[in-house]
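Written out below as structure tokens is the structure these notes cover.
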Amino acid sequence: MKINKPRGTRDFLPEDTRKRRYIENKLRQTAKRWGYNEIKTPTFEHIELFTLKSGEGILGEIYNFKDKGDREIALRPELTAPVIRLYVSELQRAPRPIKLYYFDNCFRYERPQKGRFREFWQFGAEIIGSPRPEADAEVIALACRMLHEAGVDGDLHVGHLGIIRTLFKGLDTDTQGQIMRLVDKKDDKGLEDYLEEIDADIGMREKLFELIGLTGSNAADEAKRLLGDIEELETFRTLLELLDSHSLDYTINFGIARGLDYYTGMVFEIYSSGLGAQNQVCGGGSYRLAHLFGGKEVESTGFALGFDRVMEVCTTEPPADDRAVVVCFDETRKEGIRIADSLREHIIVDVDVMGRSFSAQLKFANTVRARWAVIVGEDEVAQGKVALKDMESGKQELLDPDELVKRLTA
RNA sequence: GCCCGGGUGGGGUAGGGGUUAUCCUAUAGGACUGUGGAUCCUUCGACUCGGGUUCGAUUCCCGACCCGGGCCCCA
């Protein structure tokens with residue numbers, strides 16, 4: 001009986017894995033150099049962690065099950081909530097700011113399509129403990145830097161929920177949420193109908209539509225004309241200046257809502273072409289979640305990037321590794337293995353395990369794109385030497401075994 | 001969950017109610033017994049699954065599964 005992999009999951013072949021690792025390492029290095037430290041959280045959590053954060057509505061997309069102790073468990077659908085849970089239980093007293101990054105698989109029960117899988121990987125970073133725009137700017141800059149390192153061109157859109165929310169003062173949370181959802185979807189008609197339905201203030205409606213339509217570099221000024229002198233706008237302008245200091249290109253977009261209630265201020269998304277309907281490679285913003293998990297409230301800002309989507313659009317190829325094939329035969333196997341093992345401290349080495357003939361071993365060296373063949377045959381062993389063959393030039397020379405390493409790593 | 005389109009060796013394909021199911025590539029071995037990449041030969045290997053129609057289905061019909069595109073959703 002042939003067993004297939006479950007829907008929406010993938011196998012990664014050696015070539016895929018190599019490329020994924022390469023990009024993963026680029027992202028890791030970048031986060032690390034920006035002073036972020038990696039954390040790991042469990043693959044599964046109590047389901048409340050996610051329902052508390054996102055509401056019962058997400059249950060449909062969660063992989064959940066009861067364990068043998070009758071606990072309701074969920075495979076993590078994202079990593080922000082686990083990170084904040086970890087913060088609340090372990091890091092509330094840690095020196096501020098707390099700068100964390102993670103790279104792990106997540107699970108969502110959704111219809112798979114391009115750039116969307118049931119098991120997928122997220123790379124994210126969070127700054128916990130700073131309410132300032134500097135933290136927002138840094139996180140955005142880090143996200144852009146990471147994408148750049150991965151060889152991905154992104155289109156950065158930045159908004160601020162605090163600004164748009166000043167329009168909704170007096171409306172209850174559900175209504176605000178509904179409006180934000182429609183704004184996020186860019187469903188102008190639906191938004192208009194809904195505002196009509198709740199009999200929203202005419203002035204507010206006009207301002208709302210004007211605000212989410214604002215584009216261009218002076219959108220912040222326009223917003224000021226529209227909304228007056230509000231603190232959120234000042235903060236937002238500071239943020240934009242900081243983004244300039246980071247030399248980032250961005251589009252101001254007050255219509256980004258990220259569909260969520262817990263984002264409080266800055267929100268951003270990064271899009272990339274070539275992904276079809278799932279064109280968003282990164283999303284983030286500032287939020288407050290700690291109180292939900294029993295902690296003292298704290299300002300956080302962070303993002304998650306969709307690693308699989310990054311892989312989909314990135315064209316960066318990992319550099320080829322230098323590798324050597326040690327050619328030996330039954331009579332010289334002992335010497336061959338010894339030499340191979342010593343070379344393995346320095347480069348990638350294959351030794352024949354197929355009992356192949358001389359020419360078949362060289363053919364193999366070709367197929368694995370070895371740069372060198374180290375020939376350990378009876379003639380060489382008899383002289384206490386080995387032959388080193390450069391597979392590209394075809395040139396070959398006789399060497400003492402202890403000279404080998406020097407030649408191969410030169 | 002909904003709407004399209006699609007599933008033929010490991011990968012890429014041709015075909016089509018009765019075939020020995022085509023070709024390329026990859027694999028293994030050989031021609032070439034200590035010198036690779038080329039060429040040639042041989043070998044291995046497939047009609048996604050389940051029902052239905054039919055004398056006969058890989059081919060037609062239905063369903064499932066999976067893949068792709070979109071909707072929904074996207075914490």
Side-chain angles (χ1 to χ4, degrees), chain A residues 1-11 13-15 45 47 49-62 74-84 106-118 120 122 124 177 181 184-185 187 190 256-263 267 269 275-285 287 289 292 302-304 306 309 312 325 327-332 352 354-382 387-396:
Chain A
M1 179 172 154
K2 189 185 171 195
I3 302 199
N4 294 314
K5 59 190 180 306
R7 178 161 210 210
T9 63
R10 289 156 296 160
D11 292 320
L13 298 177
E15 218 175 300
E45 298 266 5
I47 199 163
L49 181 64
F50 304 110
T51 51
L52 273 176
K53 171 179 175 246
S54 313
E56 301 285 328
I58 59 153
L59 280 174
E61 284 83 54
I62 279 188
L75 298 184
R76 59 176 170 228
E78 52 107 23
L79 281 153
T80 306
V83 168
I84 297 303
C106 298
F107 308 85
R108 290 183 196 178
Y109 193 88
E110 292 184 290
R111 169 75 168 75
Q113 49 186 273
K114 192 180 178 72
R116 177 193 281 183
F117 307 94
R118 289 184 173 180
F120 59 98
Q122 283 202 337
R181 244 179 299 280
D184 196 40
K185 271 202 271 190
D187 180 3
I256 299 176
R258 303 210 36 73
L260 290 174
D261 302 332
Y262 64 86
Y263 281 107
V267 282
E269 296 183 340
L275 280 166
Q278 269 64 43
N279 66 342
Q280 193 187 318
V281 291
C282 180
Y287 58 89
L289 277 175
L292 279 178
F303 66 88
R309 293 180 190 175
E312 190 90 20
V325 167
V327 177
C328 62
F329 312 93
D330 287 343
E331 303 74 34
T332 60
D352 175 60
M354 301 279 283
R356 281 179 165 134
S357 70
F358 196 110
S359 64
Q361 289 191 46
L362 283 184
K363 200 173 273 188
F364 172 76
N366 255 338
T367 66
V368 298
R369 293 212 196 85
R371 178 159 171 219
W372 311 100
V374 177
I375 298 164
V376 187
E378 284 186 284
D379 297 354
E380 289 79 9
V381 170
L388 178 63
K389 184 184 179 77
D390 181 320
M391 292 300 287
E392 203 178 324
S393 68
K395 288 193 181 120
Q396 188 173 322

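These figures come from a predicted structure and were not determined experimentally. Protein chains get the first letters and strands the later ones, always in sequence-line order, with residue 1 at the start of each.
- Taking atom CZ of A:Arg7 as the reference point, atom C1' of B:G68 lies 11 Å away to the nearest angstrom.
- For the pair A:Glu15 CD and B:G11 C1', the interatomic distance rounds to 12 Å; values are reported in whole Å.
- Both A:Gly377 and A:Glu78 sit near RNA chain B, but only A:Gly377 has its closest nucleotide nearer the 5' end.
- Side-chain atoms of A:Gln396 and base atoms of B:U35 include a donor and an acceptor less than 3.5 Å apart.
- Comparing B:U35, B:C72, B:G37 against the side chain of A:Phe358 picks out B:U35 as the nearest.
- Searching all strands for a Watson-Crick or G-U wobble partner of B:A26 with both distances below 3.5 Å returns nothing.
- Closest-nucleotide positions on RNA chain B for A:Arg116 and A:Thr9 were compared, and the one nearer the 5' end corresponds to A:Thr9.
- Remark: A:Arg118 is not positioned above the aromatic ring of A:Phe107, lacking an NZ or CZ atom under 6.0 angstrom from the ring centre and at most 45 degrees off the axis.
- The pairing partner recorded for B:G1 is B:C71, the criterion being a Watson-Crick or G-U wobble arrangement whose two distances lie under 3.5 angstrom.
- One C1' atom belongs to B:U54, the other to B:A14, and the distance between them is 26 Å to the nearest Å.
- Of the candidate nucleotides B:A28, B:U27, B:C2, B:C2 has the atom lying nearest to any side-chain atom of A:Arg111.
- Here the side chain of A:Lys363 is nearest to one of B:G37, B:G1, B:U35, namely B:G37.
- The side chain of A:Arg108 sits closest to B:C74 out of B:G34, B:C74, B:C71.
- OP1 or OP2 of B:A28 sits under 4.0 Å from a side-chain N or O of A:Arg356.
- Atom CG in A:Asn366 sits about 20 Å away from atom P in B:C32, given to the nearest Å.
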